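The structure appears below as structure tokens.
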Amino acid sequence: MICSVEKENYPDLLKIWEKTVKETHNFLKPEDFEFYKYRVPYYFTHLSLFVYQDSKGRIKGFLGISKDKVEMLFIDSAFRGKGIGKKFMDFTFNNLKINKVDVNEQNEKAVAFFNHLGFKTIGRSEVDKEGKSYPILYLEKPIS
């Protein structure tokens, strides 16, 4: 089930973020990982956050939305490949009418996931929003 996030869930989200980034963002320098880990709770306060919970209320992943795009999508690695990311993106597209996402170019699995869902690259930046040398792809899914 997808539901909105309470502030008391932030530590759980940070744990999922940390675990997932360590497994999927092997291109990050250790000092940059620590920089982002420190910044993530701040980012949470500027996003609309949603979690995917199982029937027992355990959080399996989370989604962060700015006003017009997906800023974060992190699924606990124990539950990746089980359709949670697709459910989040269907929710985002169908309920929130959001069809844009930014993704690290070096995160090849994420790029492949979004391409599989019909997203196309509409732009690219050599640096991320923090000005660090991690290229970002701007993706958009055509609205039919």
Side-chain angles (χ1 to χ4, degrees), residues 1-54 57-142:
M1 164 171 60
I2 296 174
C3 54
S4 49
V5 172
E6 302 298 327
K7 197 169 188 169
E8 61 262 15
N9 296 124
Y10 286 6
D12 295 328
L13 303 187
L14 187 58
K15 285 178 191 172
I16 291 171
W17 178 89
E18 183 174 3
K19 180 180 176 188
T20 303
V21 169
K22 283 181 178 178
E23 294 169 353
T24 61
H25 291 61
N26 57 0
F27 52 87
L28 278 180
K29 296 175 190 167
E31 62 271 19
D32 288 336
F33 173 83
E34 291 301 322
F35 170 82
Y36 291 115
K37 182 179 174 184
Y38 175 77
R39 299 282 297 157
V40 165
Y42 170 77
Y43 300 151
F44 287 165
T45 65
H46 293 281
L47 299 172
S48 297
L49 295 168
F50 299 89
V51 293
Y52 184 89
Q53 296 178 321
D54 66 13
R58 293 177 297 211
I59 297 173
K60 307 294 184 181
F62 72 94
L63 171 74
I65 304 288
S66 66
K67 69 177 182 179
D68 69 341
K69 70 180 162 184
V70 173
E71 298 286 352
M72 295 182 170
L73 176 62
F74 292 95
I75 310 300
D76 185 313
S77 59
F79 304 99
R80 272 199 305 269
K82 308 230 185 269
I84 296 171
K86 183 174 181 337
K87 287 178 184 172
F88 268 136
M89 294 312 297
D90 287 346
F91 168 81
T92 301
F93 192 69
N94 297 324
N95 295 45
L96 305 175
K97 307 301 181 209
I98 293 175
N99 66 328
K100 297 177 185 172
V101 63
D102 294 351
V103 65
N104 286 101
E105 182 178 60
Q106 295 159 296
N107 187 346
E108 295 171 0
K109 287 183 181 180
V111 173
F113 169 75
F114 289 113
N115 287 337
H116 176 74
L117 294 181
F119 284 80
K120 305 290 181 208
T121 302
I122 59 167
R124 182 181 184 278
S125 172
E126 284 291 325
V127 297
D128 66 13
K129 289 181 181 172
E130 297 288 352
K132 296 194 178 281
S133 298
Y134 299 108
I136 300 295
L137 296 177
Y138 305 115
L139 308 177
E140 187 173 309
K141 182 176 178 177

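Not measured: the values here are computed from a predicted model. Starting from 1, each residue takes its place in the sequence as its number.
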Closest approach of [X] to [Y] (non-hydrogen atoms, all atoms of both residues):
X      : Y      : result
Lys37  : Leu14  : O-CD1, 4.0 Å
Glu105 : Val111 : O-CG2, 4.0 Å
Tyr138 : Ser125 : OH-CB, 3.1 Å
Gly118 : Pro142 : O-CD, 3.5 Å
Lys67  : Ile98  : O-CD1, 4.2 Å

(request) Measure from NZ or CZ of Lys87 to the centre of the six-membered ring of Tyr52, then state whether that distance is under 6.0 Å and the direction lies within 45° of the axis. (result)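 Negative - Lys87 is either too far from the ring of Tyr52 or too far off its axis.
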Could you tell me whether the side chain of [Y] reaches within less than 4.5 Å of the side chain of [X], counting heavy atoms only?
X      : Y      : answer
Val51  : Ile2   : no
Tyr10  : Leu49  : yes
Tyr134 : His25  : no
Phe113 : Leu73  : yes
Ile16  : Glu18  : no
Asp12  : Phe62  : no
Pro135 : Asn104 : no
Leu139 : Thr121 : yes

(message) If you count heavy atoms of other groups shown closer than 6.0 angstrom to CD of Glu108, is the number above 12?
(response)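 For Glu108, atom CD is not crowded (no more than 12 foreign heavy atoms under 6.0 Å).
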Separation between [atom1] of [X] and [atom2] of [Y], rounded to the nearest 0.5 Å:
X      : Y      : atom1 : atom2 : result
Asp102 : Ile136 : CG    : CD1   : 6.5 Å
Leu28  : Gln106 : CG    : CD    : 8.0 Å
Tyr36  : Lys29  : OH    : NZ    : 10.0 Å
Glu23  : Lys109 : CD    : NZ    : 9.0 Å
Ile59  : Asn9   : CD1   : CG    : 4.0 Å
Leu13  : Met72  : CG    : CE    : 9.0 Å

For the pair [X] (side chain) and [Y] (backbone), establish whether a donor and an acceptor sit closer than 3.5 Å, ignoring hydrogens and angles.
X      : Y      : result
Asn99  : Lys141 : yes
Thr20  : Ile75  : yes
Asp128 : Glu130 : yes

(request) Please list, chain by chain and in numerical order, all residues satisfying ring pair (Phe, Tyr, Trp, His ring centres under 6.0 Å) with Phe119, sequence neighbours excluded. (result)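 For Phe119 the ring pair (Phe, Tyr, Trp, His ring centres under 6.0 Å) partners, ignoring immediate neighbours, are Phe114.
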(message) Under a 4.0 Å threshold between the charged nitrogen and the carboxylate oxygen, would Arg58 count as salt-bridged to Asp54?
(response)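 Answer for the salt bridge query: yes.
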(request) Quick one: do Arg124 and Leu137 satisfy side chain to side chain contact (heavy atoms under 4.5 Å, CB included)? Show the steps, please. (result) CA-CA 5 Å; Arg124 182 181 184 278; Leu137 296 177; 3.9 Å; yes
(request) May I ask you to check whether Phe44 and His46 place their ring centers less than 6.0 Å from one another? (result)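 When the ring centroids of Phe44 and His46 are compared, they turn out to be at least 6.0 Å apart.
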(message) Quick check: Trp17 with Phe33 (ring centres under 6.0 Å apart)?
(response)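 That pair passes the under 6.0 Å test.
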(message) Testing Lys82, Lys15, Lys60, Lys19 one by one against Asp76 for a salt bridge (charged side-chain N to carboxylate O under 4.0 Å, His left out), which residue passes?
(response)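 Only one option passes, and that is Lys19.
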